[in-house]
Each structure stands twice: as C-alpha cells, then as structure tokens.
Amino acid sequence: MTDHEHADVTIRAMEPDHLVRAHGLDLKLLHPWPGLDTPFRGAWCVLRPGDVSDLHSHHDREIFIVMSGRGTVVANGERRDIAAGDLAYITPDVEHRVLNEHDEDFAYYAIWWDPSMSAEFLGLQTAAGTAPAAPGAVEAAAPAGAVRS
C-alpha cells in the first residue's frame, strides 16, 4: 500500500497487486504502518471464488467490515451469510473460518483487538505525551443528561 501524507490526514492507497497469500486468502496487514499507533490490528482480506480461510480461534475480539461481494462466516459450525455493507462480530475463542462460494471476489476489512493492544497503545501515547483523558473524564465533564454520540 502507498501512503499519502497530508497535514491532518494520511491515506494508505489500495494496491491489490501487493496482497499476500496466507491462511487460505489474500491479505494485507494494516500494521506495520509507520506513524500509526492504534489500540487494534487489522487487515484487508480478499477471498477469491472458492477460497476457504483456515479454521482458527483466538483470544481477540474481531469485526469484519464487508466491502464487496458475498461470503459465509462459519462460527462454531453455524453458517452465516454476509455481503457488502454488512458487519460481523466474532467473540473471543470462537472457532471460525470464512468461505467464498460465489463467482466474484469477497473483500472485507478484519479488525481485531484485546486488552494488551489497548495497554500498548496507551503506553505509547503516554510516552509521546499525547495520552487520552483518563476513563470517565469525558463523562464527568459532560452536563448531566447530555446526549453523547
């Protein structure tokens, strides 16, 4: 992926020729991305027609944001169809895989996180002097009954 840096926005352009074949699909990790510190990890994932990702589970929470095509998430043996515009949330320690049984590519962003990633992120922010406000500080500063989005 190619980075385009601006004063307030950095764009990492899509480069489909730089996907790597791993775990039964083509992917590009969001990290490492120099200058980007986040409390999560992610990857752009593409399943070609007929692809089946490796069956796996992990302690992280995970969200799939479907960008194009249609696919199936199989979690603990239960099949759930998903398509462009859908989100899928997978809880920790759930055995799962993703299938593409259709004639077109199926592309999604996978984002995963756990408490250690949050702690690492907060440590980096504190070291850089840009740590966010302490938990509850925003709520305490808002007037009672205020609506937060």
Side-chain angles (χ1 to χ4, degrees), residues 1-125 130-133 135-139 142 145-149:
M1 299 206 166
T2 303
D3 296 342
H4 304 282
E5 295 194 32
H6 305 279
D8 297 319
V9 177
T10 300
I11 297 171
R12 191 166 177 184
M14 180 175 53
E15 291 184 13
D17 294 338
H18 292 100
L19 297 177
V20 175
R21 188 77 181 168
H23 312 292
L25 59 127
D26 295 333
L27 63 86
K28 178 69 176 179
L29 292 176
L30 176 62
H31 295 276
W33 182 356
L36 176 66
D37 296 321
T38 63
F40 58 85
R41 301 295 182 265
W44 175 35
C45 302
V46 179
L47 281 88
R48 309 299 178 189
D51 280 354
V52 178
S53 71
D54 295 345
L55 184 64
H56 67 286
S57 65
H58 39 75
H59 70 279
D60 313 316
R61 289 168 167 78
E62 187 170 29
I63 289 179
F64 298 155
I65 304 169
V66 182
M67 304 306 293
S68 65
R70 296 175 292 150
T72 303
V73 175
V74 180
N76 285 337
E78 182 180 334
R79 294 173 58 97
R80 302 289 304 266
D81 292 332
I82 55 177
D86 290 346
L87 300 173
Y89 171 65
I90 301 169
T91 58
D93 303 314
V94 170
E95 194 170 62
H96 62 282
R97 68 172 16 140
V98 183
L99 320 167
N100 181 357
E101 301 170 312
H102 304 281
D103 297 347
E104 61 185 345
D105 288 351
F106 173 61
Y108 62 93
Y109 284 95
I111 300 170
W112 59 94
W113 67 96
D114 69 7
S116 67
M117 290 177 205
S118 296
E120 176 187 355
F121 171 75
L122 291 173
L124 291 170
Q125 297 302 302
T130 59
V138 173
E139 289 80 6
V147 176
R148 292 185 282 271
S149 56

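None of these values were measured; they are calculated from a predicted model.
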Any residue meeting side chain to side chain donor-acceptor pair (under 3.5 Å) with S68, in chain and number order, not counting sequence neighbours: none

For T72, side chain to side chain donor-acceptor pair (under 3.5 Å) partners two or more places apart: D81

Show every salt bridge (Lys or Arg N to Asp or Glu O under 4.0 Å) that has at least one partner inside [range], sequence neighbours left out.
range            : result
residues 42-53   : R21-D51, D26-R48, R48-D105
residues 85-102  : R79-E101
residues 106-123 : R41-E120

Donor-acceptor under 3.5 Å (D60 side chain, E62 main chain): no

Can you confirm whether [X] sits close enough to [Y] that some side-chain heavy atom of one is under 4.5 Å from a side-chain heavy atom of the other?
X   : Y   : result
S53 : L25 : yes
L27 : V46 : no
L30 : W44 : no

With sequence neighbours excluded, tell me which residues meet ring-ring contact (aromatic ring centres under 6.0 Å, His included) with [X].
X    : value
F40  : none
H23  : none
F106 : Y108

Do you know the tightest heavy-atom contact between A110 and C45? CB-SG, 4.2 Å

Quick check: closest heavy atoms across P49 and N100, and the distance to 0.1 Å? N-ND2, 3.6 Å

Report the residues that fulfil side chain to side chain contact (heavy atoms under 4.5 Å, CB included) with E104, sequence neighbours left out, ordered by chain and then residue number. R70

Selection residues 79-100 - residue pairs positive for ring-ring contact (aromatic ring centres under 6.0 Å, His included), sequence neighbours left out: H56-H96, H58-H96

Run the side-chain contact (heavy atoms from CB on, under 4.5 Å) check on V98 and L47 step by step: do they pass? CA-CA 8 Å; V98 183; L47 281 88; 4.1 Å; yes

Would W113 and I63 count as a side-chain contact (heavy atoms from CB on, under 4.5 Å) if you check the C-alpha gap in whole Å, the side-chain angles of each, and the deciding distance to 0.1 Å? CA-CA 9 Å; W113 67 96; I63 289 179; 3.7 Å; yes

Nearest 0.5 Å, please: how far is CD1 in I111 from CZ in R61? 15.0 Å

For the atom pair CZ (F64) and CG (L87), what is the distance rounded to the nearest 0.5 Å? 11.5 Å

